[in-house]
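For ligands, and for the atoms within them, numbers begin at 1 and follow the listed sequence. Count residues from 1 along the sequence.
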Amino acid sequence: MPADTRWFSLDDIEKAAQNTLTKEHADFFAGAAGDESTLRSNRDAFERIRLRPRVLRDVSSRSTGITLLGRHLDTPVIVSPTAFHRLAHPDGEIATARAVAAANTVMIVSMAATTRIEAIGEETERWLQLYLQPDGDFTTALVQRAEKAGYGALVVTVDSPVLGRRERDHRNGFHDLPAGLRCENMVDDAGTLRSIAMDASVTWESVDRLRAVTGLPVLLKGVLHPDDARRAVDHGVAGIVVSNHGGRQLDGTVATIDALPAIAEAVPDGFPLILDGGVRRGIDVVRALALGASAVGIGRPVLWGLAAGGQDGVSQVLDLLRTEVDEALALCGVSRPDHLDPDVIWTGPPTHRRVPKHPGGHP
Ligand SMILES: Cc1cc2nc3c(=O)[nH]c(=O)nc-3n(C[C@H](O)[C@H](O)[C@H](O)COP(=O)(O)O)c2cc1C
Ligand SMILES: O=C(O)C(=O)c1ccccc1
C-alpha cells in the first residue's frame, strides 16, 4: 500500500481492493445469488430509514462499547464469517484475527477458512461458523477442536440447505481455490480433504444434537422469520444472526434491517441479536441497534480491507466504522449504544428518494 494512501470510507477501501484482485475473485467476494436484488435491497433499506436526532443532551462523555454473550467489546461491529481469506491476502485469517484483536471485537471464523482454526488468533475472541455436515462425526470432531482451541461459541448457518446460485461465479468458471489454498479445516483424521456439504436434511433436531455434544453456546445464522426466532429461543439457542447471507443464498429475501423489528419483538428482551447485510456506515449501525440489534456483523468490507492492506486494511475498516459509530451517536444525542431505541427513527411519511451517487463518489 503506498504510504500516501488515505481511506476515508469503506467505499474507498472497496475501490482500493478492486485493484488488487482478479476479476473472478473480486466477483466471488462481491457477488450474490440470482438477480442480486437482495444484495441491493440490504443497502436501499438502510438508506430509506431516516434518523430523528435529539439535541442539547450533553454527549461529551461517550462509549461505543457493548456487552455480547458476556464479553465486553469496544465496538458494536463484529466480523461475520467469510470464506477464503487467503484469496484476499496471503496472511488471510491470521491477519484478520490480529486486526480483530486490536479492535477488541469478535471474529466469526468461517468453516471455509483457508487457515487451521488452531492457528487463528488465540488473542482474539473467536467463534466458529459451521455448516452441519451429513457426517455428524466429522462435525463433532471439528467442534471438539474448536473447544480445545478456546473458541467461545458456535454459529450454525441455517440459510443454506443448498448453495445459492451465484451467476458471476458460473460465468467466470470460478469453482475451485487456486493451487496452494484449501479449506484447511475440512481435512479429516485420515488426511483426506472433504468438500463442504450443504445438507438439505437439517432440522431443529440437528441443532438439538449439536447442542448435546458441546458446552459452547450455539447461535443460528440466517434467520429472517419471527416464528423461527421464537423456535430458536425454545431450542436453547444463545443468539441469532439476522442475515440473508449478504444476498448470496435466496435472492428476493427481505432486507435484514426490514426483517429485524419483528424478530426483536419475538425474542425476550436482551436476547443476543446480531444483524448483518449491507452495513457500511456508522449510521447503519445506529439504525440496526435502534431497531433491536445487540450488535452488527460485516462480511465483504473485511475482505476489501484484507485485499487492500492485509491486517492494517482490516484495522482501518474496523476503526473507520467505530469512529463513525461514535460520531453518529453524538449527533443523535446518545452517549452509548445501549441507550439507542426506536425513538431515534423517523416514523412519519417517507422523506427519502434515492439519489444516485455522483460518479466517482465526489460532488
Ligand atoms: C465472499 C463471502 C463468503 C462468505 N462465506 C460465508 C461462510 O463461509 N459462511 C457463512 O455463514 N456466511 C458466509 N458469508 C456471508 C457472511 O457471513 C455475511 O452474512 C454477509 O457477507 C453479510 O453481508 P455484507 O457482506 O453485506 O456485510 C459469506 C459472504 C461473502 C461475501
Ligand atoms: O457461504 C458463502 O457465501 C460462500 O461463499 C461459501 C464458500 C465456500 C464454502 C462455503 C460457503
(message) Which residue and atom name correspond to the protein heavy atom nearest atom 18 (C) of ligand 1, and how close is it?
(response) D276 OD2, 3.2 Å
(message) Please confirm whether N42 approaches ligand 1 to less than 4.0 Å, judged on its heavy atoms.
(response) no
(request) Below 4.0 angstrom from a heavy atom of L303, which ligand 1 atoms are there? Numbered from 1 as shown, please. (result) 1 (C)
(message) For a quick check under 3.5 Å, do R336 and S63 share a side-chain donor-acceptor pair by atom type?
(response) no
(request) Distance to 0.1 Å, residue and atom name: give those for the protein heavy atom nearest to atom 26 (O) of ligand 1. (result) R280 NH2, 2.7 Å
(request) Using heavy-atom distances, let me know which of A33, S110, A112, P81 sits nearest atom 9 (C) of ligand 2. (result) A112
(request) Using a strict 4.0 Å cut-off to heavy atoms of F28, name the atoms of ligand 2 that fall inside it. (result) 5 (O)
(request) Note the single closest protein heavy atom to atom 8 (O) of ligand 1, along with its residue, its atom name and the distance in Å. (result) S110 OG, 2.7 Å
(request) Without swapping roles, check the side chain of D199 against the backbone of S201 for a donor-acceptor pair under 3.5 Å. (result) yes
(message) Checking a contact table here: which protein heavy atom is nearest atom 8 (C) of ligand 2, and how many Å away?
(response) F84 CZ, 3.5 Å
(request) Please test D258 against R48 for salt bridge (charged side-chain N to carboxylate O under 4.0 Å, His left out), starting from the C-alpha separation and ending with a verdict. (result) CA-CA 10 Å; D258 286 339; R48 243 191 300 108; 3.2 Å; yes
(request) Could you tell me the residue and atom name of the protein heavy atom closest to atom 23 (O) of ligand 1, and the distance to it rounded to 0.1 Å? (result) G277 CA, 3.3 Å
(message) Please check whether G297 reaches ligand 1 - meaning an N/O of the residue sits under 3.5 Å from an N/O of the ligand, judged on distance alone.
(response) no
(message) Do I257 and L275 have side chains that approach each other closer than 4.5 Å (heavy atoms only, starting at C-beta)?
(response) yes
(request) Verify whether the ring centers belonging to F84 and H25 lie closer than 6.0 Å. (result) no
(request) Specify the protein heavy atom at minimum distance from atom 2 (C) of ligand 2: its residue, its atom name, and the distance to 0.1 Å. (result) H245 NE2, 3.2 Å
(request) For atom 17 (O) of ligand 1, grab the closest protein heavy atom and report residue, atom and distance to one decimal in Å. (result) P81 O, 2.6 Å
(request) Specify side chain, backbone, both or neither for Q249, according to which of its non-hydrogen atoms lie closer than 4.0 Å to ligand 2. (result) neither
(message) Check this for me: does any side-chain nitrogen of one of K15 and D11 sit under 4.0 Å from a carboxylate oxygen of the other?
(response) yes
(message) Any atom of ligand 1 sitting under 4.0 Å from a heavy atom of Q129?
(response) yes
(message) If the test is side-chain hydrogen bond (donor to acceptor under 3.5 Å, both in side chains), which one of T38, N42, D276 qualifies with N244?
(response) N42
(message) For atom 1 (C) of ligand 1, tell me which residue out of R43, R248, M111 has the closest non-hydrogen atom.
(response) R248
(request) Let me see the working for S37 and D35 under side-chain hydrogen bond (donor to acceptor under 3.5 Å, both in side chains), right down to the final yes or no. (result) CA-CA 5 Å; S37 76; D35 292 325; over 6 Å; no
(request) Give a yes/no verdict on a cation-pi contact between R168 and F29, requiring under 6.0 Å between NZ or CZ and the six-membered ring centre and an angle within 45° of the axis. (result) no
(request) Quick one: look up the protein heavy atom nearest atom 21 (O) of ligand 1 and list residue, atom name and how far away it is. (result) G299 CA, 3.6 Å
(message) Within ligand 1, which atoms have a heavy atom of T157 less than 4.0 Å away?
(response) 10 (C), 11 (O)
(request) Would you please classify the geometry between the H245 ring and the Y131 ring as parallel, tilted or perpendicular, with 30° and 60° separating the classes? (result) parallel
(request) Return yes if some donor-acceptor pair links the side-chain N/O of R98 with the main-chain N/O of A95 below 3.5 Å, else return no. (result) no
(request) Kindly confirm or rule out a cation-pi arrangement of R287 over F46, judged by NZ or CZ under 6.0 Å from the six-membered ring centre and within 45° of its axis? (result) no
(request) Considering only non-hydrogen protein atoms, determine which one is nearest to atom 3 (C) of ligand 1 and report residue, atom name and distance to 0.1 Å. (result) A83 N, 3.5 Å
(message) Using heavy atoms and a 4.0 Å limit, tell me yes or no: is F84 in contact with ligand 1?
(response) no
(request) Looking only at protein heavy atoms, identify the closest one to atom 7 (C) of ligand 2 and say how far it is in Å. (result) A83 CB, 3.6 Å
(request) Please state whether R166 comes within less than 4.0 angstrom of ligand 2, counting heavy atoms only. (result) yes
(message) Suppose I only count heavy atoms of F29 and a 4.0 Å limit; which atoms of ligand 1 are within that range?
(response) 1 (C), 31 (C)
(request) List the closest protein heavy-atom neighbour of atom 20 (C) of ligand 1: residue, atom name, distance to the nearest 0.1 Å. (result) G246 N, 3.7 Å
(message) Under 4.0 Å, counting heavy atoms only: does V279 come that close to any atom of ligand 1?
(response) no
(request) Run the numbers on S335 and R62 for side-chain hydrogen bond (donor to acceptor under 3.5 Å, both in side chains), then give the verdict. (result) CA-CA 5 Å; S335 55; R62 296 187 302 280; over 6 Å; no
(request) State plainly whether the residues R40 and E36 are in salt-bridge range, i.e. N to O under 4.0 Å. (result) no
(request) Report the nearest protein non-hydrogen atom to atom 11 (C) of ligand 2: residue, atom name, distance rounded to 0.1 Å. (result) Y131 OH, 3.6 Å
(message) Show the atoms of ligand 1 that are less than 4.0 angstrom away from any heavy atom in S243.
(response) 19 (O)
